[in-house]
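One structure is given below, encoded as structure tokens.
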Amino acid sequence: MTHFRNLRKPAILKWASSCFFENQLNPPVFVMGSFHLSQRQNPRFYRSKGSAVAVKREVLEAPKIPQATLKEAQAALLEYLHWTRSIPFMDAENMSKNSPHFLRNLLKKVNIVKDVRSSMARFLRYRPINEFEPFFESLGFKPWEYTPLLPRNLMFLSDDSLFFENYRVLCQFGIERNKIGRIYKKAIQVFQLESGALPLKLQAYQELVLSHSFMVKIIVCSPCVLIGDIDMKFIKVLEILRSMGFDNAWVQEHLSDQDSYNWGLILRVLSIFSEMFCGNELVRLISQHPGLLFEGSGYATFSLVGFLLKFGLPIDQISSMFLQFPKIQVQQFVSNLIKCFVFFHEIEMEKDWIAKLVCSYTVLLGSCRLKKTNSLLSNLNVGKKRLCKYIQENPQELSKWVIGLRIVPLPDSGENIESKRLKMKFLLDLGYGENPNMMNKAFKVFRGRGGKLQERFDSIVNAGLDKADVSEMVTVSPQILNQSKTVIQSKIDILVNELGYPLSSLVSFPSFLSYTTQRVRLRMAMYNWLKDHKKAEPDLALSTIVACSDKIFLNQYVNHHPSGPRVWQDLKAKLSMDK
């Protein structure tokens, strides 16, 4: 194995880097060494997704069958399947005992005369059932899962002799019937193999000195090994792991029946690791964190490597990070890391600082399942700018802001105290000091730092209005100061220089400064058009034109002219293009 300290970035690591962003952290479903076949690709499948949802709702809401009734119904179904339909006894018994949803629906159709068993027998004598329904349910499928899988135009298992033959080969090999459904979902091609092909494939693997119990586990977890020739990538993975001291029993222990495995991808992860670590380091890493190989066939590991390479983290530091990897699922680690990255972006942290934190504190970020950004800002009682600075100075504090822990607000900084003092002075100058309740409300209404509020107030005064008038404007419409000085100045410029209104208009209609420039321009352009066409009074107040809702403006003004709605839409489109 090549030691990582002597490495340049190998081609396979470049592949991992591009792989991460191309797939946007959504791992493909690996089946049969390729991507999973969709339902549309198999003509056997029918039923819509909507019908499956309806079945799920029906099953979850259905009442339970009384035990005595259930036993009689099972006995009747067993007799029918075995004696009437000639289905082998073991299969018929499995179908009758493990299809409660099918039996419940069947009982709804049966007219019970004397007892359940004889009534069901009479019903089945004249009304044959779709045998695939109890069969799929007995294989471990939920009713809403097998509904889309029911074969079109087939009712009897004997109609698909090839499917049933391969099913029985798997049973005879020792695979539990309730796990065969998982094989069917992961690799339906196994059930479409030509007659006699499946036993030969199983025999070929056994000749490689792979134990019977191990192959049973592999087939349930990774039935794709039965498609095509012997999966040499699978065999290669076993050989590499065996050379490191991990026998097949260890592999078997760390595979899950619920997952599918792509051995080609696992082999690539091993190749990357062999280039990043020396022998003893790699053995220790895999021993402590087998999920790096087996979770999603190592896709989360690829995503992690790709993510860190995109941030420019050197290979030796990536290796060091893996050697410090916490006791956490790899997929959860990657998810936590991405959420921290998104959090930094949402609080408007500079890109260089984000990269620095990701590269320097990878293990910390991957271990923290952060709360949502809005929740943190609220509970910490802090703004984005100060939070960025606080994290940069105290990155370890992130571990205290995770889901499940109570958030302690940050202590007031010197800047905050000074800002509150200036804000208090500003509000006192406006006359809020006489009433404590009004002062408390004003603190919540006026957003921004104390110095900024005064700066915004002064920008309105400096435009040419009397200070007393501006104080009255702010008292009536305090929200006008919740925007930057630049925005306020641009709106005043539009009012005076573009629309031609006197500055004094703001004294009677201060909330003008709260509306977007696009709304103001659209309303005024439409009003001027209506005036030109004698459909609007020439001296409407600015507040009348701007303040009413779109619905009222359309009904009372725009619709008064036949071409009004079209002109309104044209003006709206033009203003959107000019933004």
Side-chain angles (χ1 to χ4, degrees), residues 1 4 16 20 25 27 217 221 237 240-241 244-262 265-309 311 313-344 357-372 376 391 394-407:
M1 296 183 187
F4 69 80
F20 172 80
L25 289 179
K217 179 80 171 184
C221 298
V237 168
I240 293 173
L241 290 174
M244 297 164 57
F246 301 106
D247 59 15
N248 292 349
W250 181 89
V251 175
Q252 184 175 341
E253 178 186 348
H254 290 96
L255 297 181
S256 170
D257 293 352
Q258 306 300 325
D259 293 332
S260 294
Y261 295 93
N262 182 294
L265 188 53
I266 294 173
L267 184 59
R268 285 189 172 188
V269 175
L270 283 170
S271 297
I272 279 186
F273 281 171
S274 69
E275 295 173 338
M276 294 172 67
F277 303 99
C278 64
N280 291 335
E281 287 176 335
L282 183 53
V283 170
R284 185 168 69 253
L285 178 66
I286 293 177
S287 178
Q288 293 174 350
H289 303 287
L292 291 170
L293 286 182
F294 298 124
E295 277 186 39
S297 300
Y299 189 84
T301 304
F302 263 121
S303 297
L304 180 56
V305 173
F307 183 79
L308 296 176
L309 286 173
F311 275 94
L313 196 65
I315 296 172
D316 60 342
Q317 289 187 34
I318 295 177
S319 305
S320 177
M321 179 275 300
F322 276 118
L323 294 176
Q324 302 171 55
F325 205 81
K327 292 291 183 181
I328 183 176
Q329 285 192 333
V330 190
Q331 293 172 348
Q332 185 62 61
F333 184 94
V334 174
S335 174
N336 292 344
L337 185 60
I338 299 303
K339 286 179 181 176
C340 285
F341 168 74
V342 172
F343 166 66
F344 296 151
L357 289 171
V358 169
C359 293
S360 301
Y361 298 94
T362 309
V363 174
L364 171 66
L365 302 185
S367 304
C368 294
R369 193 180 175 195
L370 287 183
K371 294 187 177 184
K372 291 184 178 180
L376 287 174
I391 292 170
N394 309 278
Q396 297 295 339
E397 291 294 299
L398 288 165
S399 63
K400 299 178 181 178
W401 303 342
V402 298
I403 293 172
L405 292 185
R406 180 176 174 274
I407 304 295

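All values reported here derive from a predicted model rather than from experimental measurement. The chain is numbered in sequence order, starting from 1.
Side-chain contact between Ile286 and Leu293: present, with at least one pair of heavy atoms (C-beta onward) separated by less than 4.5 Å. Glu281 places none of its side-chain heavy atoms less than 4.5 Å from the side chain of Met276. Proximity of Leu370 to Lys339: side-chain heavy atoms (C-beta onward) are nowhere separated by under 4.5 Å. Side chains of Val283 and Phe246 form a contact here, defined as non-hydrogen atoms less than 4.5 Å apart. At a threshold of 4.5 Å between non-hydrogen side-chain atoms, the residues Val269 and Phe273 count as touching. The side-chain heavy atoms of Tyr299 and Asn262, taken from C-beta on, include no pair separated by under 4.5 Å. Here the side chains of Lys217 and Asp257 are in contact, with some heavy-atom distance below 4.5 Å. Put simply, the side chain of Val330 does not reach to within 4.5 Å of the side chain of His289, judged on heavy atoms.
Side-chain contact, Gln332 with Asn336: a donor N or O sits under 3.5 Å from an acceptor N or O.
The aromatic rings of Phe325 and Phe333 sit tilted, their planes meeting at an angle between 30° and 60°. Aromatic ring orientation, Phe343 versus Trp401: perpendicular (interplanar angle above 60°, classes split at 30° and 60°).
Distance OH/Tyr361 to CG/Leu337: 15.0 Å, rounded to 0.5 Å. Atom CD1 of Ile318 sits about 8.0 Å away from atom CG of Leu304, to the nearest 0.5 Å. Annotation: the span from Leu241 atom CG to Asn248 atom CG amounts to 9.0 Å, rounded to 0.5 Å. To the nearest 0.5 angstrom, Ser271 atom OG is 12.0 Å from Ile266 atom CD1. Put simply, OG on Ser256 and NE2 on His254 are 12.0 Å apart, with the number rounded to the nearest 0.5 Å. Phe344 contributes atom CZ, which lies 5.0 Å from atom CG of Leu398 (distance to the nearest 0.5 angstrom).
When all heavy atoms are compared, the tightest approach of Val358 to Leu365 is CA-CD1, 3.8 Å. When all heavy atoms of Met321 and Val363 are compared, the pair lying nearest together is CG-CG2, 3.8 Å. Smallest separation of non-hydrogen atoms from Ser287 and Pro290: O-CD, 3.8 Å. When all heavy atoms are compared, the tightest approach of Cys368 to Cys340 is O-SG, 4.1 Å. Across all non-hydrogen atoms, the minimal contact from Leu265 to Ser297 is CG-O, 3.3 Å.
Put simply, the side chain of Thr301 gets close to the backbone of Leu292: a donor and an acceptor are under 3.5 Å apart. Under the 3.5 Å distance criterion, the side-chain polar atoms of Gln329 are left unmatched by any main-chain donor or acceptor of Gly291. Although no hydrogens or angles enter the test, the distance criterion places no donor-acceptor pair under 3.5 Å between the side chain of Lys400 and the main chain of Leu405. Counting only distance, with no hydrogens or angles, the side chain of Ser335 and the backbone of Gln331 share no donor-acceptor pair below 3.5 Å. No donor-acceptor distance shorter than 3.5 angstrom exists from the side chain of Asn394 to the backbone of Glu397, with no hydrogens or angles considered. Using modelled atom types, no side-chain atom of Ser320 and backbone atom of Gln317 make a donor-acceptor pair closer than 3.5 Å.
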Exercise. For Tyr261 and Leu255, what are the C-alpha separation, side-chain angles and deciding distance, and is it a side-chain contact (heavy atoms from CB on, under 4.5 Å)?
Worked result: CA-CA 9 Å; Tyr261 295 93; Leu255 297 181; 3.7 Å; yes
